[in-house]
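A quick write-up on the structure given underneath.
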There are 2 protein chains.
Amino acid sequence: MNTYQHRSYIEVLRSHGIRPLNHRVAVYEYLAKHPVHPTADQIYTDLRKNMASISRTTVYNVLHLLTEKNVITPITIDPKELRFDANTQEHVHFLCEKCHRVFDLESMESQPTVSVPDGFTIGSVSLYVKGTCPACAE
Amino acid sequence: MNTYQHRSYIEVLRSHGIRPLNHRVAVYEYLAKHPVHPTADQIYTDLRKNMASISRTTVYNVLHLLTEKNVITPITIDPKELRFDANTQEHVHFLCEKCHRVFDLESMESQPTVSVPDGFTIGSVSLYVKGTCPACAE
DNA sequence: TTCAATGCAAATTTTTTGCAAAGTC
DNA sequence: GACTTTGCAAAAAATTTGCATTGAA
């Protein structure tokens, strides 16, 4: 493990008021290093390979905690499964309806400036695009 | 039941190549008349009151069919539950994180014109906003 | 009569919960 | 030692499937 990077994950957690326990760092580091928007089960299955002691319950616990503290973002683009993203910058997500991969479209034009009627308060904005990715277009 | 309206639901289904069987019309009509973005279970429970013969399986079947034929739109704004909307016009959805109601923001500025990298093909675009609604703001 | 749609019950999948054991400060 | 986190197993919730029955053209 790259200690320098590892330390920075710990710092991110600390700066959000989260005690950087091993399992928490592992889940966060996994998400940061695998920006493919994995599901809870994918995270659990993969982490399990190198970390025999982690349980499904803990993965759910940590994902809830990180979401609540705004360290990660849940992505609901696919009705079938909830995915997670360590990149909390607002950016567009693209779901390929053939291969079911989710792509980041960070380079695209900035998020729309949404305005809402009086009385509504905006917490977050998500822009989801569905269609076909280049690999599946052929 | 208002026969004129009823007939128009039938026409919508026909125009999308869907045989307007009773249960299908009932689900579609329910969604059209209850634009609160209900879940499959809400639809089932409510329809059940007036239509003893409908089953959960049929509700799921019909929702799948209508979605596939683009007569309704599934809404994934809330990670907890899948909702449905008979309004297939693109419009913004707002989830109140306190009362968990979903509002249409049709009057808001038009959907952003999203552009995607070469090779990607856009099928649909969803703009989801989360926050607090007027009633819960107090 | 032939094919499509329905409904039941069971299976699957995903997530949550209670609680005892283990870990942290 | 006091408090937090974890892991197991069981429960709950949501959706899908197999298949026999019913309905429609």
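The sequence lines fix the lettering, A, B, ..., with proteins before strands; numbering per chain opens at 1.
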Please report, to 0.1 Å, the donor-acceptor pairs under 3.5 Å made by any side chain of residues 17-26 of chain A, with sequence neighbours excluded.
{"from": "A:His23", "atom 1": "NE2", "to": "A:Ser53", "atom 2": "OG", "distance (Å)": "3.2"}
{"from": "A:Arg24", "atom 1": "NH1", "to": "A:Arg19", "atom 2": "O", "distance (Å)": "3.0"}

Which atom pairs, donor and acceptor, lie under 3.5 Å between side-chain atoms of residues 71-80 of chain A and protein residues at least two apart or in another chain?
{"from": "A:Thr76", "atom 1": "OG1", "to": "B:Thr76", "atom 2": "O", "distance (Å)": "2.5"}
{"from": "A:Asp78", "atom 1": "OD1", "to": "A:Lys80", "atom 2": "N", "distance (Å)": "3.0"}
{"from": "A:Asp78", "atom 1": "OD2", "to": "A:His100", "atom 2": "ND1", "distance (Å)": "3.2"}

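Residue A:Arg56 forms a side chain to side chain donor-acceptor pair (under 3.5 Å) with just one option from A:Thr45, A:Asp41, A:Asn61, and that option is A:Asp41.
B:Arg48 meets the salt bridge (Lys or Arg N to Asp or Glu O under 4.0 Å) test with no other residue; sequence neighbours excluded. Not counting sequence neighbours, the partners of B:Tyr30 by the side chain to side chain contact (heavy atoms under 4.5 Å, CB included) test are B:His34, B:Pro38, B:Ile43, B:Asp46, B:Leu47.
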Output a table of nitrogen or oxygen pairs between the protein and nucleotides 1-4 of chain C separated by less than 3.5 Å.
{"from": "C:dA4", "atom 1": "O3'", "to": "B:Arg19", "atom 2": "NH1", "distance (Å)": "3.3"}

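Relative ring orientation between A:His91 and A:His37 is described as tilted, the plane-to-plane angle lying within the 30° to 60° band.
As rounded to whole Å, 13 Å separates atom P of D:dT5 from atom CG of A:Leu13. A:Ile54 places its CD1 atom 18 Å from the P atom of C:dA22, with the value rounded to the nearest Å. Atom CG of A:Asn22 is separated from atom P of D:dT5 by 14 Å (rounded to the nearest Å). Taking atom OH of residue A:Tyr44 and atom P of nucleotide C:dT15, one finds them 14 Å apart after rounding to whole Å. With rounding to whole Å, A:Asp78 atom CG is found 11 Å from C:dT14 atom P.
Between A:His23 and D:dT5 there is no side-chain polar atom (N or O) within less than 4.0 angstrom of OP1 or OP2.
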Could you encode protein contacts along nucleotides 12-18 of chain D as a string, one character per nucleotide from 5' to 3', using B for base contact, S for sugar-phosphate-only contact and - for no contact, with a heavy-atom cut-off of under 4.0 Å?
--SBBB-

Test side chain to side chain contact (heavy atoms under 4.5 Å, CB included) applied to B:Asp85 and B:His93, step by step
CA-CA 10 Å; B:Asp85 193 345; B:His93 286 113; 3.0 Å; yes

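B:Leu31 is connected to B:Leu13 through a chain of hydrophobic side-chain contacts under 4.5 Å among Ile, Leu, Val, Met, Phe, Trp and Tyr, so both are in one cluster.
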